[in-house]
Amino acid sequence: MRRLYDHIVSFLKKNNPTMFLPFLVIALLLWYANKLTHSYTTDTRLILNIEDSYKRRENAVKKQYTLDVSATADGYVLLKNRLMPRNHAVTVNIDELPMSPSDTNRRFYIVDIDQLAGMLNAKTSGITVNKLLNSLVIEVSPTEIKQVPVVADLSINCARQYMQVGPVKIEPATVSVKGSKSILDTLRAVHTYPKKLENLFEPYKGSLRLLPIEGVILPDVRIDFFVDIEQYTEMDVVVPVRAKGVPAGYRAILFPDKVTVRCNVGEKSYDKIVPENFIIEADCTESNAKDRTKVKLVVSATPVGVKIIKMDPLYADVLFEKLPPGAE
């Protein structure tokens, strides 16, 4: 053995040892890669995600747990799980968990770790969970139910000479959601996944899924929607102007008292449009009753199937006339 050592030392002195370093590194990598293909039993960790259930009146307070487990797997699988544990995370609905309420506190549930190990094996690939190394206790909290409106997140673009008639119709227009009171108190509506509709030239029907909200349990429903599309033509309508916010004891005299509204009108609505369908108002709230004032005209209402593209004029002069006593 001594002679072999002396020969190695003598060889390295006569030759540059750095020339052998790349071969040594390659040899070590090949050895390590070979070891990764072997199966090992060791202690490791798995991430457990708990999904809420729409059926339950109570759901988990904490949604993610790290489990210490004894597991068997190939070396490369164990290495990958250690480096990227979220890639091997297991998601389980709370209804699936084998658990029973604690004898001392009904807010806590004790999970049967032997049954959970079997469940993990059914939901993972490449890793066999032999047993859980610690207990698992789930804290639950009561959930409330709230009816909220649905907002369809649609981007609608019509083909040339076509227009959307009326708002988008959705069904159901409201849904029941579940969650903690603190979250539901701030929830005003639920939205759908966005959808873009291009070059529409006829009525369109479709359905959308609800967009998930953290901490809120949504029903598993599809939201049906309908968009009415019509070909349109231009139309000019002469509409009388109303005055609002007139000071008490006065009446407003407007110059002009009518405006010309140019609008796009759906073909089904063309013969039904009359000036009374529009409300054009002159807001006199901040005007001085003693002076002649110019006020902006505002479109307060338009009939369904009409889109205003121009209004002339945009302003009106207002003159206030004092009413005789008792004439208000």
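Computed from heavy atoms alone, side chains included, the values below leave out hydrogens, waters and symmetry copies.
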Point to revise | Steps toward side-chain contact (heavy atoms from CB on, under 4.5 Å) verdict (I170, D224) | key: CA-CA 6 Å; I170 59 175; D224 296 322; over 6 Å; no
Review point. Taking it one step at a time, do V165 and I229 satisfy side-chain contact (heavy atoms from CB on, under 4.5 Å)?
Key: CA-CA 6 Å; V165 178; I229 304 294; over 6 Å; no
Practice item. Go through the steps for I156 and V168 under the test side-chain contact (heavy atoms from CB on, under 4.5 Å), then give the verdict. Key: CA-CA 10 Å; I156 302 171; V168 176; 3.8 Å; yes
Practice item. Please test I110 against M99 for side-chain contact (heavy atoms from CB on, under 4.5 Å), starting from the C-alpha separation and ending with a verdict. Key: CA-CA 5 Å; I110 302 171; M99 60 184 189; over 6 Å; no
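No side-chain donor from either of T72 and T128 sits under 3.5 Å from a side-chain acceptor of the other.
Hydrophobic clustering keeps I217 apart from V177 (ILVMFWY residues linked when any side-chain heavy atoms are closer than 4.5 Å, directly or through intermediates). Residues M163 and V237 fall into different hydrophobic clusters, defined by Ile, Leu, Val, Met, Phe, Trp and Tyr side chains chained together at heavy-atom separations under 4.5 Å.
Between D74 and K80 no salt bridge is recorded (no basic side-chain N to carboxylate O distance below 4.0 Å). Electrostatic pairing of E281 and K296 does not count as a salt bridge here, judged by no charged N lying under 4.0 Å from a carboxylate O.
Using modelled atom types, no side-chain atom of D257 and backbone atom of V241 make a donor-acceptor pair closer than 3.5 Å. The main-chain N or O of V238 is never found under 3.5 Å from a side-chain atom of K258 such that the two would form a donor-acceptor pair. A donor-acceptor pair is defined here as one N or O able to donate and one able to accept, closer than 3.5 Å; no such pair exists between the side chain of K131 and the backbone of I113. For Q161 (side chain) and T233 (main-chain N/O), no donor-acceptor pair under 3.5 Å exists by modelled atom type. Side-chain atoms of T192 come within 3.5 Å of backbone N or O of D153 as a donor-acceptor pair. The backbone N or O of D112 sits nowhere less than 3.5 Å from a side-chain atom of Q115 that would complete a donor-acceptor pair. Put simply, the side chain of E276 never gets that close to the backbone of F278: no donor and acceptor are under 3.5 Å apart. Under the 3.5 Å distance criterion, the side-chain polar atoms of S269 are left unmatched by any main-chain donor or acceptor of V265.
Between V318 and I253, every side-chain heavy-atom pair lies at or beyond the 4.5 Å cut-off. Between I213 and I183, every side-chain heavy-atom pair lies at or beyond the 4.5 Å cut-off. With a 4.5 Å cut-off on side-chain heavy atoms, N157 and N199 do not count as touching. L132 has its side chain out of reach of D68: every pair of non-hydrogen atoms, C-beta onward, lies at least 4.5 Å apart. Side-chain contact between Y65 and L136: present, with at least one pair of heavy atoms (C-beta onward) separated by less than 4.5 Å. A 4.5 Å side-chain heavy-atom check between V216 and K178 finds every atom pair outside the cut-off.
K195 forms no cation-pi arrangement with Y193, by the criterion of a distance under 6.0 Å to the ring centre and an angle within 45° of the ring axis. For the pair K169 and F226, the NZ or CZ position fails the cation-pi test of under 6.0 Å to the six-membered ring centre and within 45 degrees of the ring normal.
Heavy-atom neighbours of D103 CG from other residues, nucleotides or ligands within 6.0 Å: at or below the threshold of 12. Within a 6.0 Å radius of CZ in R45, no more than 12 heavy atoms belonging to other residues, nucleotides or ligands are found. Taking a 6.0 Å sphere around CZ of R209, one finds it holds more than 12 heavy atoms contributed by other residues, nucleotides or ligands. Atom CD of Q147 sits in a crowded spot, with more than 12 heavy atoms from other residues, nucleotides or ligands closer than 6.0 Å. Residue K272 places its NZ atom among 12 or fewer non-hydrogen atoms of other residues, nucleotides or ligands, all under 6.0 Å distant.
The CG atom of L218 sits 8.5 Å away from atom CG of L211, with the distance rounded to the nearest 0.5 Å. In this structure, OG in S207 is found 3.5 Å from CZ in R222, a value given to the nearest 0.5 Å. In this structure, R107 CZ and S102 OG are separated by 12.0 Å, a value rounded to the nearest 0.5 Å. How far CG of D228 is from CD of E202: 11.5 Å, rounded to the nearest 0.5 Å. With rounding to the nearest 0.5 angstrom, the CZ atom of F255 is 8.0 Å from the CG atom of D317.
The aromatic rings of Y204 and F225 sit parallel, their planes meeting at an angle under 30°, below the 60° perpendicular limit.
Taking both residues in full, the closest heavy atoms of Q64 and N49 are given as NE2-OD1, 2.8 Å, listed atom of the first, atom of the second, then distance. Closest approach of A282 and L297 over heavy atoms only: CB-CD2, 3.7 Å.
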